[in-house]
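Please read the structure below before turning to the comments.
Hydrogens, waters and symmetry mates are skipped; everything else that's a heavy atom, side chains included, is used. In what follows, residues are counted from 1 in the order of the sequence shown. As the structure is a prediction and not an experimental result, all values here were calculated from the model. Remember, it's 1-based here, ligands and their atoms both numbered in the order they're listed.
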Amino acid sequence: MELAAREQAESLARQEAARLAAEDVHGVALTWVDNAGLTRVKAVPTARLAHTARWGVGMSPVFDIYLVDDSLTTSRHIGGPDGDLRLFPDLGRLTVLAAQPGWAWAPVDRYDQLGAPHPACQRQFARRMTERAAEYGIEPRMGFETEWVVLGPNARGAAGGPGSAAAGEGPAEGATAGPADAVGEPRRSPPSPAYGMARLVELSDYLDDLLSAFSAQRVEVLQIHPEYAPGQYEISVAPSDPVGAADLAVLVRETIRGVSLRHGLSTAFGPVVEPDGVGNGAHLHLSLWRDGRNLCRDGDGPHGMTRECEAFLAGVLGELPALMAVVAPSPAGYLRLRPSRWSGAFHCWGLENREAALRFITGSPADPGGANAELKTVDPAANPYLAVGSVIAAGLAGIDAGASLPPPVAGDPAVTGGQSRLPVSLTEALGHFEGSAVLREALGEPLFEAVAAVRRAEAALFADATPAEIAAATRGRY
Ligand code: GLU
Ligand code: MG
């Protein structure tokens with residue numbers, strides 16, 4: 001890393017710190033997401049931000065091989081207690097946190113002590129792949145959806161994780177009781193309806209606080225609505241560049257967590273909350289742009305996409321069995337990925353088909369930004385930086401190969417038949433991942449091996465667990 005760049009960051013950080021101090025912000029949370037999909041943090045006092053921007057803050061590389069339960073594995077290149085990294089905040093993303101008075105947030109890039117990029121830094125991987133797309137003249141625009149289940153106060157012990165963090169604090173002033181159908185609550189009446197207005201009314205103050213927190217943080221929300229499962233809600237935000245989309249996925253989730261806790265509620269972001277129920281997705285929307293033109297439309301490929309967009313999507317679809325180890329990285333994800341759940345269990349694409357893993361959306365002809373593709377198999381355990389980078393790598397490999405899409409699939413393959421399933425277990429996905437030359441090259445050996453090691457270890461961790469045990473051990477961890 002260039003010294004001049006560090007000096008510049010330091011002087012920018014000094015100005016930002018003065019602004020934060022004037023707003024009574026005393027601490028800055030610096031986050032990155034590990035290979036298991038958990039957001040980890042080091043925080044610094046606001047007064048230390050300028051020093052941190054210049055010199056970074058220390059953190060062990062061992063977090064690259066942490067599992068969902070905070071146990072450790074080892075990988076070929078990373079593991080053990082030795083070594084240290086420096087975390088450098090991206091000040092361009094510095095955000096005052098509306099649901100955590102006194103706190104701001106920024107994502108970090110990870111470097112070694114000498115200023116060289118850490119080869120397993122997931123955020124820099126996402127940036128490298130974005131730069132690679134730029135070499136093709138392609139600017140991807142991406143956005144993650146966020147689905148979560150609101151847990152009532154009585155469900156804290158059952159879910160663990162964020163609930164236990166709030167234990168003993170009691171509901172904040174103006175707290176809202178959990179919805180009657182929250183997971184773990186005694187069911188006195190049938191749950192209120194999926195997508196029902198009743199759900200919005202039940203948590204009206206909470207959802208209003210969420211919207212105002214996002215507005216204060218200048219996060220553009222597109223939609224907020226109750227989802228299918230009991231207590232489940234969804235937020236989608238405006239698309240941005242791939243690294244920005246991954247940063248937003250982190251910020252959106254932590255904002256939801258923060259607002260929920262202030263209402264005495266906790267949250268489940270795991271891929272499955274109840275082992276047999278509909279799970280949480282983190283669907284990834286993407287479109288490809290060149291010179292202000294959306295390559296997902298006005299072309300002579302299927303459903304009006306350009307041939308270049310077709311080749312990109314064909315690359316993603318072709319690599320999807322291997323990509324599953326990135327976008328559905330926990331054994332819990334394979335409890336979610338079942339037919340007829342809109343989670344994309346089948347290895348196919350389709351126009352507006354919610355059962356296809358890859359759903360193509362033409363949007364309104366009048367809306368240039370409307371056409372996009374949605375990868376439905378992504379779940380909230382995925383590291384969003386690994387997800388965006390790996391999807392770009394697979395798409396560009398499709399362009400290199402001049403790939404074309406198979407015919408689109410209409411209807412639910414569970415009913416119509418004829419389509420193969422995507423991997424039905426993490427172990428099966430890992431087998432495809434380990435055989436993927438595309439992902440190995442793109443991620444680079446140290447990151448690829450660390451990801452594979454974490455997948456192998458999580459598969460082993462839950463090898464003898466029942467679906468109920470997997471759901472209970474993971475739903476509150478992300
Ligand atoms: N909750 C579903 C999933 O597991 C997605 C529902 C939807 O299409 O929004 O992915
Ligand atoms: Mg949804």
Please name the atom of [X], restricted to N, O or S, that is closest to the Mg ion (ligand 2).
{"X": "E234", "result": "OE1"}
{"X": "E147", "result": "OE2"}
{"X": "E227", "result": "OE2"}

Salt-bridged, [X] to [Y], with N to O below 4.0 Å?
{"X": "R336", "Y": "E147", "result": "no"}
{"X": "R421", "Y": "E355", "result": "no"}
{"X": "E202", "Y": "R199", "result": "no"}

Atoms of ligand 1 under 4.0 Å from any heavy atom of E234, numbered from 1 in the order shown, are 9 (O)
>> Can you tell me how the ring of Y195 sits relative to the ring of W342, calling it parallel under 30°, perpendicular over 60° and tilted otherwise?
In response: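 Correct class here is tilted.
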Min N/O separation [X] to ligand 1 under 3.5 Å:
{"X": "H283", "answer": "yes"}
{"X": "V278", "answer": "no"}
{"X": "K376", "answer": "yes"}

Q) So do the side chains of R297 and T362 get within less than 4.5 Å of each other, counting heavy atoms only? A)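 Result no, sub-4.5 Å side-chain heavy-atom pair not found.
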Query raised in the report: Is P467 close to I470 at the side-chain level, that is, under 4.5 Å between some pair of heavy atoms?
Result: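 Not in contact.
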Suppose we measure from [atom] to each protein heavy atom; which comes out shortest, and what is that distance?
{"atom": "atom 1 (N) of ligand 1", "value": "E147 OE1, 2.7 Å"}
{"atom": "atom 9 (O) of ligand 1", "value": "E227 OE2, 2.9 Å"}
{"atom": "atom 4 (O) of ligand 1", "value": "R336 NE, 2.8 Å"}

_Show, in sequence, the C-alpha distance, side-chain angles and deciding distance for R359 and W349, and conclude whether the side-chain contact (heavy atoms from CB on, under 4.5 Å) test is met._
CA-CA 6 Å; R359 168 184 171 227; W349 76 285; over 6 Å; no
